[in-house]
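Below you'll find the structure, written out as structure tokens, and then a few comments.
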Amino acid sequence: MPELPEVEVVKRSLISKIQNLIIKEVKINDHRLRYPINKKEIRKIVGLKIKKIKRRSKFLLFFFNNDIIMLVHLGMTGKFFYINKKNTKFKTSFYYDINNKKDTKHDRVVFFLNNSQKLIYNDVRKFGFIKFYKNNNISNTFHLNNLGPEPFDHKFNYNYFRQYISGKNRVIKDILMDQKFVSGIGNIYANEVLFLSEVKPTRKVKTLKDFELKKIIKFTKHILKTSIKLGGSSIKDFSSSNGKKGSFQQHFNVYGKKDYFCTKKNCKNKIVKSIISNRSTFFCSNCQK
DNA sequence: AGGCATGTTACAGG
DNA sequence: ACCTGTAACATGCC
């Protein structure tokens, strides 16, 4: 589900609701996530306070006392729900949260909090994971130490772009989704960035002109920021929801828009869909060169 | 029934 | 050691 903007929105929501609370109990309904949950390690956070919550790329880091860090990746379908203990109504919501949620089937882990609420990790496809580290070796984990710069980092600039792609024989869409190049962009935002940059996703990076690299950098930062402001993209549309949902999906120009008309003025083309590296790719063959 | 899905990574071959 | 492309993971929906 989540790319950088969605994870950022989840992080902010978590901070506002559970920062400084204490884990009273943890219940595991299914430990078979992408990596099996280590039951001994997860028990160690019982009694500890959630001091800080940070995001790096699409990862969430929960900082507890005793130097313990819980690293969470939401995979494709991971979600957090903040719910009251009597299981009646959600007090508030995180990304994708819905008030009439009946999907308890995919609640994989339940964290009971000292304010009588609970935090649920729900993950349909189980591509997400929850792992534990000590503060002093978190950056050594292979999950984090091969990541490229955050898109908003000043290090993500034209010179870096030029240097990274030199000698590479790949297409631009693959590079944008390469977490070693820049961290946090997935299939949706890669498609959208290339549309606004007017660059065809199939272009080999060695053919890109300076002004195109600059546009890609500019629109990457712009799109991700805008999406965060709008609460991210909520792709599924639940019928009755009191939960907060993102609205950036209403601003998609190409993602999922096969056969729709191109949104650029004076363009009569329809968006086409193709497959690049096993991922659906959408673009306007008229506007994107 | 078969294809597709917002992500990551292990592996194979060059 | 680096580069690139492919398949696999688990589950549900259209």
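The chains referred to below are lettered A, B, ... by the order of the sequence lines, with proteins before strands, and numbering in each begins at 1. A quick note: this is a predicted structure, and the numbers were derived from the prediction, not measured.
Between the OH atom of A:Tyr189 and the C1' atom of B:dG7 there is a distance of 15 Å, rounded to whole Å. In this structure, A:Phe59 atom CZ and B:dG7 atom P are separated by 12 Å, rounded to whole Å. One can place NZ of A:Lys79 at 11 Å from C1' of C:dG12, the figure rounded to the nearest angstrom. The separation between A:Leu147 atom CG and B:dT9 atom C1' is 13 Å, rounded to whole Å. In this structure, the CZ atom of A:Phe181 is 19 Å from the C1' atom of B:dG7, given to the nearest Å. Put simply, CZ on A:Phe142 is 8 Å from C1' on B:dT9, counting in whole angstrom units. Between A:Arg279 atom CZ and B:dC4 atom C1' the separation is 11 Å, expressed in whole Å. Atom CG in A:Asp123 sits roughly 10 Å away from atom P in C:dT11 (whole-Å rounding).
Contact annotation: A:Gln179 side-chain N/O to B:dT8 OP1/OP2 distance is under 4.0 Å. Look at A:Lys105 and you'll find a side-chain N or O under 4.0 angstrom from OP1 or OP2 of C:dG12. For A:His73 and B:dT8, the shortest distance from a side-chain N or O to OP1 or OP2 is below 4.0 Å. Taking 4.0 angstrom as the limit, A:His106 places none of its side-chain polar atoms (N or O) nearer than this to OP1 or OP2 of C:dA10.
Residues A:Glu8 and A:Arg12 meet the side-chain proximity criterion, which asks for heavy atoms closer than 4.5 Å.
Stem analysis of DNA chain C (at least three stacked-register Watson-Crick or G-U pairs, each with both distances under 3.5 Å) gives B:2-5 with C:11-14, B:7-14 with C:2-9.
Salt-bridge check for A:Lys289 with A:Glu212: failed, with every basic side-chain N at 4.0 Å or more from each acidic carboxylate O. Ion pairing of A:Asp67 with A:Lys134 is absent here, as no side-chain N (NZ or NE/NH1/NH2) approaches a carboxylate O to less than 4.0 Å. For the pair A:Arg279 and A:Asp174, the salt-bridge criterion is not met [side-chain N within less than 4.0 Å of a carboxylate O].
Listed for the A:Glu41 side chain is no donor-acceptor partner under 3.5 Å among the backbone atoms of A:Lys131. Distance alone, capped at 3.5 Å, places no donor-acceptor pair between the A:Gln288 side chain and the A:Glu198 backbone.
For A:Phe80 and A:Tyr121, the distance between ring centers is under 6.0 angstrom. The distance between the ring centers of A:Tyr164 and A:Phe161 does not fall below 6.0 angstrom.
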Could you list the protein-to-nucleotides 11-14 of chain B atom pairs, N/O on both sides, closer than 3.5 Å?
none

Would you list the protein and nucleotides 3-9 of chain C atom pairs, both N or O, that sit under 3.5 Å from each other?
from  : atom 1 : to       : atom 2 : distance (Å)
C:dT4 : OP1    : A:Asn169 : N      : 2.5

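At least one test fails for A:Lys257 against the ring of A:Phe282: distance under 6.0 Å to the centre or angle within 45° of the axis. A:Phe62 does not carry A:Lys52 over the face of its six-membered ring by the limits of under 6.0 Å from the centre and within 45° of the normal.
Here CD of A:Glu192 is found 12.5 Å from CG of A:Leu176. Values are rounded to the nearest 0.5 Å.
Hydrophobic clustering (side-chain heavy atoms under 4.5 Å, transitive across Ile, Leu, Val, Met, Phe, Trp, Tyr) keeps A:Tyr189 apart from A:Ile276.
Across all strands shown, A:Phe248 has no heavy atoms under 4.0 Å from either base or sugar-phosphate atoms. Using a 4.0 Å heavy-atom criterion, one finds that A:Tyr255 contacts the sugar-phosphate atoms exclusively. Within 4.0 Å of A:Lys273, counting heavy atoms only, lie sugar-phosphate atoms of the nucleic acid but no base atom.
Taking atom P in both C:dA10 and B:dA10, the straight-line distance is 15 Å, to the nearest Å.
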